[in-house]
2 protein chains.
Amino acid sequence: MSNVEVQPLTESGTGEIVAPCCPPLTERPMSAEEASVAAPMFKALGDPVRLRLFSAVASHEGSEACVCDISDVGVSQPTVSHHLKKLKEAGLLTSERRGTWVYYRVAPSVMASMAQSFAAFGS
Amino acid sequence: MSNVEVQPLTESGTGEIVAPCCPPLTERPMSAEEASVAAPMFKALGDPVRLRLFSAVASHEGSEACVCDISDVGVSQPTVSHHLKKLKEAGLLTSERRGTWVYYRVAPSVMASMAQSFAAFGS
DNA sequence: TGTCTATGTTGACGTTCATCGAATCAGGTG
DNA sequence: CACCTGATTCGATGAACGTCAACATAGACA
């Protein structure tokens, strides 16, 4: 089981982003396929602990943080690891080991995609 | 039990938005209280059927639609009603009966709040 | 009044989830 | 080597969820 992670954005072979997964929510009714892609992202943020973990990573310097910096959310260490894995599987975070610590960072393309989902609401 | 619904945004008596429920996800780590308020909104959108229903309402003319216009999502009518109720409880939709039909519309302040959560990513 | 249509509600069923303790494993440091 | 950080696994439990069929309700219309 090599590093297999969900990639909610359609990317070309080179890793360049081609198009976000879904249009703005107000543009047109979402198709079943689009919804089945986008819903897991929202679902991943639908847990308070995961939302705090994600926010902790996103607000950390350089949009990355090691687990030791963000694991103070009131649940056990295996549970933290479990939630970080869920966020990774949803494509919202990526992880990288550097020396002793594992660093998590937000997946910027996904964030841009979600921002786009709620665009056209600030008008 | 009068129409009691979640109001994730703090509003003044006049209905003017004072402050969104939560800061941008990148601004600072979310507190437990903020997360417990914001997570249900994401959770409500974390189901494919609900996401499609919400998108159908949001993209409909005037940001409102009667159930008969959006209930073609492949599940039974009671299930549609159930999901619409969930979206209402999460504060994402409001409903109003006009004659025979019940119309749902998006709660604009909440949408603006979620858009703000993902702001500062386009920089 | 009765009947039809459009929705909401209820109860049930099976599934998924969040969480824990405890143990173990893997990689890195000293 | 011992020690640390973090991931993984296992079993277990209680809660929440998605779905449906059946029933109830509310308005429109005759």
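Being a predicted model, the structure only gives us computed values, none of them experimental. For the numbers below, each heavy atom of this structure counts, side chains included, while hydrogens, waters and symmetry mates do not.
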Query raised in the report: Where along nucleotides 15-22 of chain D does protein come under 4.0 Å, by heavy atom, of base (B) or sugar-phosphate alone (S), with - for untouched nucleotides?
Result: -SSSBBBB
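Rounded to an integer number of Å, the gap from CG of B/L84 to P of C/dA6 is 16 Å. As rounded to whole Å, 15 Å separates atom C1' of C/dA18 from atom NZ of A/K85. Distance, B/E96 CD to C/dT7 C1': 15 Å, rounded to whole Å. In this structure, OH of B/Y103 is placed 19 Å from P of D/dA26, rounded to the nearest angstrom. The separation between A/W101 atom CH2 and D/dC3 atom C1' is 13 Å, rounded to whole Å. Whole-Å rounding puts the B/I70 CD1 to C/dA6 P distance at 15 Å.
With sequence neighbours excluded, the residues forming a side chain to side chain contact (heavy atoms under 4.5 Å, CB included) with B/R97 are B/V102, listed by chain and number. A/E34 pairs by the side chain to side chain contact (heavy atoms under 4.5 Å, CB included) definition with A/C22, A/P23, A/R28, A/M30, A/S31, not counting sequence neighbours. Not counting sequence neighbours, the partners of B/P48 by the side chain to side chain contact (heavy atoms under 4.5 Å, CB included) test are A/A35, A/A39. Applying the salt bridge (charged side-chain N to carboxylate O under 4.0 Å, His left out) test to A/E33 and every residue at least two apart in sequence or in another chain returns nothing. The side-chain hydrogen bond (donor to acceptor under 3.5 Å, both in side chains) check on A/E27 picks up nothing, with sequence neighbours excluded.
Within the structure, every pair that satisfies the disulfide (SG to SG under 2.5 Å) test and touches residues 33-76 of chain B, not counting sequence neighbours, is listed here: B/C66-B/C68. Counting only residues at least two apart or on different chains, no disulfide (SG to SG under 2.5 Å) pair has a member in residues 73-107 of chain B. Judged as a salt bridge (charged side-chain N to carboxylate O under 4.0 Å, His left out), the pairs with a partner in residues 105-118 of chain B (not counting sequence neighbours) are, in order, B/E64-B/R105.
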Ignoring hydrogens and angles, write down the donor-acceptor pairs under 3.5 Å from the side chains of residues 77-86 of chain A, residues two or more places apart or on other chains.
| from | atom 1 | to | atom 2 | distance (Å) |
| --- | --- | --- | --- | --- |
| A/T79 | OG1 | A/S76 | OG | 2.9 |
| A/H83 | ND1 | A/R50 | NH1 | 3.1 |

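The rotation axes computed at either terminus of the helix from C/dT1-D/dA30 to C/dG30-D/dC1 lie 30° apart, taking five pairs at each end and rounding to 10 degrees.
Closest contact between the side chain of A/V67 and the listed nucleotides D/dT8, C/dT7, D/dG6 involves D/dG6.
Distances shorter than 4.0 Å separate some side-chain N or O of B/Y104 from OP1 or OP2 on C/dG8.
Side chain of A/T26 to backbone of B/A58: no donor-acceptor contact under 3.5 angstrom is found.
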What does the list of N/O pairs under 3.5 Å between the protein and nucleotides 24-30 of chain C look like, with a distance for each?
none

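Below 30°, between 30° and 60°, or above 60°: for A/F118 and B/F118 the angle between ring planes is below 30°, a parallel geometry.
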